[in-house]
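One structure is given below, encoded as structure tokens.
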Amino acid sequence: MSISRRNFLSWMGAGGACALSATRSGASPVQEFPGYAESYAVLHDSTKCIGCRSCEQACNQVNALPKPEKPFDDLSVLAEKRRTSAGAYTVVNRFFDASGQTVRYVKTQCNHCLEPACVSACFVKALQKDPSGAVRYDASLCVGCRYCMIACPFEIPAYEYDEPLTPRVMKCTLCRPRIIEGKLPGCVQGCPTRALSFGKRQELIAKARQRIWEHPDHYQDHIYGEQEMGGTNWLYLSAVPFSRIGMREDLGTTSAPELTSGALAAVPMVAGLWPVLLAGLYAISRRKDALARSEQKNAVAETVNRAQEETEAKLAALREKMTREKEAAISYEVKKALDEAAKQAEAGEEAEPDGSGTKSSKEDT
Amino acid sequence: MAGGHFSRGTFQWRPFHVIVGLIFLAGLIVTVLRFTGGLGTVTNLDDNNPWGLWIGFDLLCGVALAAGGYVTSAACYIFGLKRYHTAVRPAILTAFLGYALVVLALHYDVGRFWRLPYPIFVSQGTTSVLFEVGLCVFLYLTVLFLEFSPAALEWLGWKKVRALVVKLTLVLTIFGVILSTLHQSSLGALYLIAPSKLHPLWYSGYLPVYFFVSSIFAGMSMVIFESSLSHRFLHRKMDERHIRESHDVAFGFGKAASFLMISYLGIKLVGLAMDNTWQYLASSWGGWFLLELIGFVALPAFLFAVAVRDRNLKLLRFSAVLSVLGLILNRFNISLIAFNWHLPAAERYFPSWMEIVLSIFIVTLGVAAYRFACIRMPILYDHPDYS
Ligand code: SF4
Ligand code: SF4
Ligand code: SF4
């Protein structure tokens, strides 16, 4: 299958908000997958269905499923709407018209979508679309995560909840083993009113269209499954709007892989861009740190310098002051000595003008 | 309460041990039932509701609430906000335990747990969002293990190995952020495939972005909440630096969370506008949606802002709890409450008591392991040999 190719890098989805889903952004170049041209399909003309449950019985037999609580000819089970389960790959449900008079029946089973949600959801490829048209399940790979059940828009896959260690996902196989042998699917063969026809999908679509064209009053002008969720290999005709026979008409034509392609396309973007961005942020924060650090260093150095200068200046001032003081002291001393000498000279002249005073002063020194 | 103060030899039963013991016993019983009777015996899951509490709570909430790990380490190592340094170890420990327990819980939930490595090693379903989740969670768990290991190695005294791992810090952090971005958003992207099942108010192409952004503020709120628990119960294990810095961390994260929550509200509105789903606001689903957004996002965002302005630690912690609850509510809405909203009430899912017991068991395991690590390893204090 080419689903992975479909996850074309959607720059829009990736670059923008990470995950604009392809449908919404509308700019994602997702390729259309028209389905395998030669794939088989089943057309269910619900207007021919009489709710006999023969298909359920046939399906139970060809798939060797466990015997149900109530036998297949017990139609009381139709009173309640049922869904497929681990024990029943297909169920028939009964609906009433708005008037409450006319009864409608419709058979439900896996629709074998062209681009199945379950296949794109399975993280171990236990579900695969087969060129025959069947969506195959491989129990030897299944982990039992049940994401396929979340994904299926038709609420089809069931699970063996009572198996403690080896639960399987259970759903219709399109009777692939039988159609490979050239046989009809069990349910198709078992249907007494030919409400089910088996064939190539293209041919069945043509056939359905012809029926609508020939009996426009009898049929809704819509082949359910031609477009729904990208198209399915099980096609339906109905006399009443499909929502009246329990089929959702709000599913749209977007295939499941398209819904997640945007998000998946964003993965390589995140993985590619994030490291660069983060490394950049880291570099910036490192640079900031480095800047802060070098600034701090500078500041410290400056302070040291300034301190040194200051000290030097102080020292110089001190030195100067000291020199000045010393000088002052010297000149003071000199002056003092001179003064003294002058005084003594005066005194000597007064006491012994003949010079004895000079002698004594010499002895002093 | 300084629970769990026991001396060797004479083990004393304290309320903490009794409660934990009872929960472990109940968890053990559910474990036995699960692996002998299957999911059908212990859960209320059915074919319409294949994912229940174990995915909605254990996986979605577990992973989102463990986001504190990458948020804190990114803040510290990539953005260079050094004051978050003391918050890194507890956050990484929480994340590591959180992810380990998520993986443990998955063993209960998936059908064949021994095949959990299959998507990575046997058959790669690359078209699946779940594949991306699985791969990223696996890789991130490894990254978290390495990021956490220095604490354990310091405890064991293996200095050389520790020195080696510490050198990888930056690379691991960058890896962690990439992987977290991818799988946090992918958890939201899981639901992109089911537009027909998830209520339009919650379904949006932006789900991955919503999940990613909300994981960031939820992770921050969780860090705040946890640090308040640590203050209460593990105070004696905190050194001065951790006690001093933890309040700064809390206020820093509170402020950041407040901004993020406001922008989250903004992008939620953009989502509504893009898909034009306004009309649903008038329904009762709309009321529920607004309760989630106003009561559990806008209100805590506002309270965070007030708490930061007033430096009101009590209010900050209250807002953190509110925001964590808001995240849980959001994940529950997307995975359980607004999922399958189209089904009739009888077909809706409500967890069985055994599912709840197992989830409690898993959380208790986490708390016990956290406590074990904090008591023995240098998580809330710096190891004297390495500081
Ligand atoms: S195709 Fe086969 S498996 Fe599918 S419903 Fe019919 S009988 Fe059952
Ligand atoms: S109907 Fe459901 S189970 Fe069947 S192929 Fe489509 S998605 Fe898969
Ligand atoms: S339950 Fe099995 S088949 Fe379904 S998605 Fe998971 S692994 Fe695939």
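Proteins come first, then strands; the chains are lettered A, B, ... in the order of their sequence lines, and each starts at number 1.
Atom CG of L130(B) sits about 11.5 Å away from atom OG1 of T260(A), to the nearest 0.5 Å. The structure places OH of Y159(A) at 11.0 Å from CG of D47(B), a figure rounded to the nearest 0.5 Å. Distance CG/D138(A) to OG/S123(B): 8.0 Å, rounded to 0.5 Å. For the atom pair R112(B) CZ and E163(A) CD, the distance stands at 8.5 Å (nearest 0.5 Å). Residue L165(A) holds its CG atom at 5.0 Å from CH2 of W114(B), rounded to the nearest 0.5 Å. Here R286(A) contributes atom CZ and Y77(B) contributes atom OH; the two are 13.5 Å apart, rounded to the nearest 0.5 Å.
The two residues L45(B) and Y161(A) have their closest heavy-atom pair at CB-CE2, 3.6 Å. Taking every heavy atom of both residues into account, I78(B) and S285(A) meet most closely at O-OG, 3.1 Å. Minimum heavy-atom separation, Y118(B) to S140(A): CE2-O, 3.8 Å. In terms of heavy atoms, P50(B) sits closest to M149(A) at CG-CB, 3.6 Å. The heavy-atom pair separating A121(A) from I193(B) by the smallest distance is CB-CD1, 4.3 Å. Nearest heavy atom pair, residue L192(B) against residue A263(A), reads CD1-CB, 3.8 Å.
Considering only heavy atoms from C-beta on, L116(B) comes within 4.5 Å of V143(A) through its side chain. Side chains of P195(B) and L259(A) form a contact here, defined as non-hydrogen atoms less than 4.5 Å apart. You'll find the side chain of N48(B) reaches within 4.5 Å of the side chain of E155(A), heavy atoms only. Within the 4.5 Å cutoff, no side-chain heavy atoms of S180(B) are placed close to those of W274(A). Using a 4.5 Å heavy-atom threshold, the side chains of S128(B) and C122(A) count as separate. Counting heavy atoms from C-beta on, the side chains of R83(A) and E347(B) never come closer than 4.5 Å. Counting heavy atoms from C-beta on, the side chains of L39(B) and R146(A) come closer than 4.5 Å. With contacts defined as side-chain heavy-atom distances shorter than 4.5 Å, the pair Y147(A)/V133(B) does not qualify.
Screening T181(B), T126(B), L182(B) against V267(A) for a side chain to side chain contact (heavy atoms under 4.5 Å, CB included) leaves a single residue, L182(B).
Of the two parts of L343(B), only the side chain, counted from C-beta on, holds a non-hydrogen atom closer than 4.5 Å to a non-hydrogen atom of chain A. Both the backbone and the side chain of V177(B) come within less than 4.5 Å of a heavy atom in chain A. In this structure, the portions of L141(A) lying under 4.5 Å from any heavy atom of chain B include both its backbone and its side chain. Residue C145(A) touches chain B through both its backbone and its side chain, counting heavy-atom pairs closer than 4.5 Å. With a threshold of 4.5 angstrom between heavy atoms, A283(A) does not approach chain B through any atom at all. With a threshold of 4.5 angstrom between heavy atoms, E132(B) approaches chain A through side-chain atoms but not through N, CA, C or O.
Each of T173(B), I120(B), V129(B), D109(B) has some count of heavy-atom pairs under 4.5 Å with chain A, and the biggest count is that of D109(B). Note on L135(B), I55(B), D46(B): by heavy-atom pairs under 4.5 Å with chain A, the leading option is D46(B). When each of T84(A), L273(A), L127(A), D162(A) is checked for heavy-atom pairs under 4.5 Å with chain B, D162(A) comes out on top.
Contact annotation for residues 331-342 of chain B against chain A (heavy-atom separation below 4.5 Å, listed by residue number): F339(B), N340(B), H342(B). At a heavy-atom separation below 4.5 angstrom, chain A is approached by R34(B), F35(B), T36(B), G37(B) within residues 29-37 of chain B.
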